[in-house]
S.K.: 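Got a structure here, written out as structure tokens. Questions coming.
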Amino acid sequence: MKPDVENAIAELKAAFPRHQVEVTPDARGGASVIVHGLSIGQQYSPSTSWVGFTLVGQYPHADVYPHFMDEGVRFANGEGWKAGLSVGKWAGRSAIQISRRSKRWNPAVDTAATKLVKVLEWLRSQ
Amino acid sequence: MKYPVSLRITQPLYNQLYQHLFPGDGDEHGAVLTAGIVETSKGTRLLVRDVFLAKDGVDYVPSTRGYRALIAQFVADKSHYCATQNLCYFAVHCHGGQDQVAFSADDLASHERGYPALLDITKGGPIGALVFAKNAVAGDIWTSEGRYPLNNMVIIGSQIRSFYPSPKPRPRTADPKYDRHARMFGDVGQEVLSNLKVGIIGLGGAGSLINEWLSQLGVGHIVAIDFDRVEITNRPRIVGSTRWDAMEWLVRQPFPWVQRLGKKLAKHKVYVAQRVAKRANGDIQYDAIVGSIVDESVAKKLIDADFIFLAADTAQSRLVFNALAYQYLIPGVQVGVKVPVDQKTGTIGDIFSATRHVHPFAGGGCLNCHELISPSRLQEEALSLEERKEQQYINYEDIPQPSVITLNVMATGQAVNDFLMMFIGLFEPDQLLYHQMNKVRQRQSDLVEPMIQADCLHCSSHERSNRAKGDRGSLPCL
């Protein structure tokens, strides 16, 4: 893994100390990352899920998106997925795709950890 | 350390240093430069990152062993900074005179007293001293392996200038075929071109034009980078390409497997470009690289280039090109043409060509500061084809875009003429080289004011910025 990707993973572990962080390095300096047991909000059933994403070798210049969560997650009220959420595939598994592109991504400031926090905030606000 | 050793400094930093050293009082003044370093088989470049001016009477004071010297605290602060930032340290002072300069015996004695300890403090440096006259510079560079003189200094701005310890001998008369060139920029200008190493990233419609013109101008060394092969649809735009290069006799067959075979056997674009260049200039040194600039081993072929043209339009290639420009202090230019077409109605929008200079200082046209390197496209382009399909992204590169040779000429012609003016010294030193956009249908040319992000990881002085770090920074390659 590239040093910037390793740093990002270290920051994630520090930002989510009570959660298991699963890392699978890829062949191009990046990694697939899964953070387990995250609270996504009571409007979902179940209200917790793993959230996964890819850090590419050109991180932090590259944005971190999309994110993915367990394919079994549904809105508790039975509604279908809204814009930004869709059924997709990631790392060979079916998953719910969370498409939150950062229009103002700044590689000097934004990190995989801050992006995950923003994605969780967005999920909880839906 | 490989010899020759040269020093590269950007025009804004040089202006700052020059005004401090030569304020018009005829006296001696001092400063410290910090620098990154790049070593190749052909020599070493020291890349100036910071200029620290020593205040007269405070940091630069009368000395018992010479005329003046930097005080110990100033040297300690700056050498400590170099050690923590992994940079090289160079003490600077000035002498009188114009075109010739050398260290005095007192200067050399002070180096011998102080520099062994300074090498230890800076973890091996290199460290050393530079002495400036108004149009000359000499250097005494110390490393753990030995001591080297400075060959020359290159100032990178709209005019690329080289200073030496003493005037260079007159060049030999240019080859008679360049007679009309020499009448414009002299034998000196022709020799400058013959000593340049120029990179071209992308040898498609735009890059192939640049390649032909540089070869005809007499540029001595071209490094051409492209992974692609000639296709039948490229032929109207790729200079010098033939039906055989595109394997048209196979590609035009009605059988898909024969067409695939033809595409597989088609010539790589860089080899077509090499053939064109060799026809124009049999003496040219030509490196045809089949590969992607995103691959670090390929990008490293350009770290000692004098100029880079970017004629490939992916976010990844823009990122690596921009990083090369700032990390290794190599000026360059990105060229492109956009023909927007409404996919539903087929209506043609505002056609524009872009010529975007990227010079290695803040405000020099950094593509990142101008928000021309899309972080989201970087993420998408780094995914495999399968991953992109899974994530339902449109692969923009696979949608054929309209392209016409004469539109490519607008962007590339401007870029190559600017390159020529820079190296033969026909731009004024303060000539602004803003990004230039030509709206073709409106016959309108617009300049884009420079944009600067204070924390840019390419061009700023932010501690994480790789500007002028050379081999001591890492390129954003895969």
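In the text below, chain A, chain B and the rest are named by the order of the sequence lines, each starting its count at 1. Side-chain atoms are counted along with the backbone in the values below, which use heavy atoms only and exclude waters and symmetry mates.
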S.K.: Any Lys/Arg nitrogen of B:Glu371 or A:Lys103 sitting under 4.0 Å from an Asp/Glu carboxylate oxygen of the other?
M.R.: no
S.K.: Got more than 12 heavy atoms from elsewhere within 6.0 Å of NZ, B:Lys300?
M.R.: yes
S.K.: With a 4.5 angstrom heavy-atom cut-off, which part of B:Leu478 approaches chain A: side chain, backbone, both or neither?
M.R.: both
S.K.: Tell me, for A:Ala27 versus chain B, whether the close heavy atoms (under 4.5 Å) come from the side chain, the backbone, both or neither.
M.R.: neither
S.K.: Which bit of B:Glu463 is near chain A, if near means a heavy-atom gap under 4.5 Å: side chain, backbone, both or neither?
M.R.: neither
S.K.: Given that the side chain runs from C-beta out, which part of A:Thr54 has a heavy atom under 4.5 Å from chain B: side chain, backbone, both or neither?
M.R.: both
S.K.: Calculate, to the nearest 0.5 Å, the distance between atoms OG and CZ belonging to B:Ser384 and A:Arg28 respectively.
M.R.: 10.0 Å
S.K.: Quick one: closest heavy-atom pair of B:Arg464 and A:Pro107, and the distance?
M.R.: NH2-O, 3.5 Å
S.K.: Counting only non-hydrogen atoms closer than 4.5 Å, does A:Asn106 touch chain B with its backbone (N, CA, C, O), its side chain (CB onward), both, or neither?
M.R.: side chain
S.K.: Salt bridge check, B:Glu386 against A:Lys89: does any charged N sit closer than 4.0 Å to a carboxylate O?
M.R.: no
S.K.: For B:Ser376 and A:Tyr65, run side-chain contact (heavy atoms from CB on, under 4.5 Å): C-alpha distance rounded to whole Å, both residues' side-chain angles, the deciding distance at 0.1 Å, then the answer.
M.R.: CA-CA 8 Å; B:Ser376 53; A:Tyr65 94 103; 3.6 Å; yes
S.K.: Heavy atoms, side chains only, cut-off 4.5 Å: are B:Val320 and A:Gln58 in contact?
M.R.: yes
S.K.: Mind listing the closest non-hydrogen atom pair of A:Lys2 and B:Cys477 along with its distance?
M.R.: NZ-O, 2.7 Å
S.K.: Answer yes or no: does atom CZ of A:Arg104 have more than 12 heavy-atom neighbours from other residues, nucleotides or ligands under 6.0 Å?
M.R.: no
S.K.: By a 4.5 Å heavy-atom criterion (distance strictly below it), what part of A:Tyr59 contacts chain B: side chain, backbone, both, or neither?
M.R.: neither
S.K.: Counting only heavy atoms closer than 4.5 Å, note whether A:Pro3 contacts chain B via side chain, backbone, both or neither.
M.R.: neither
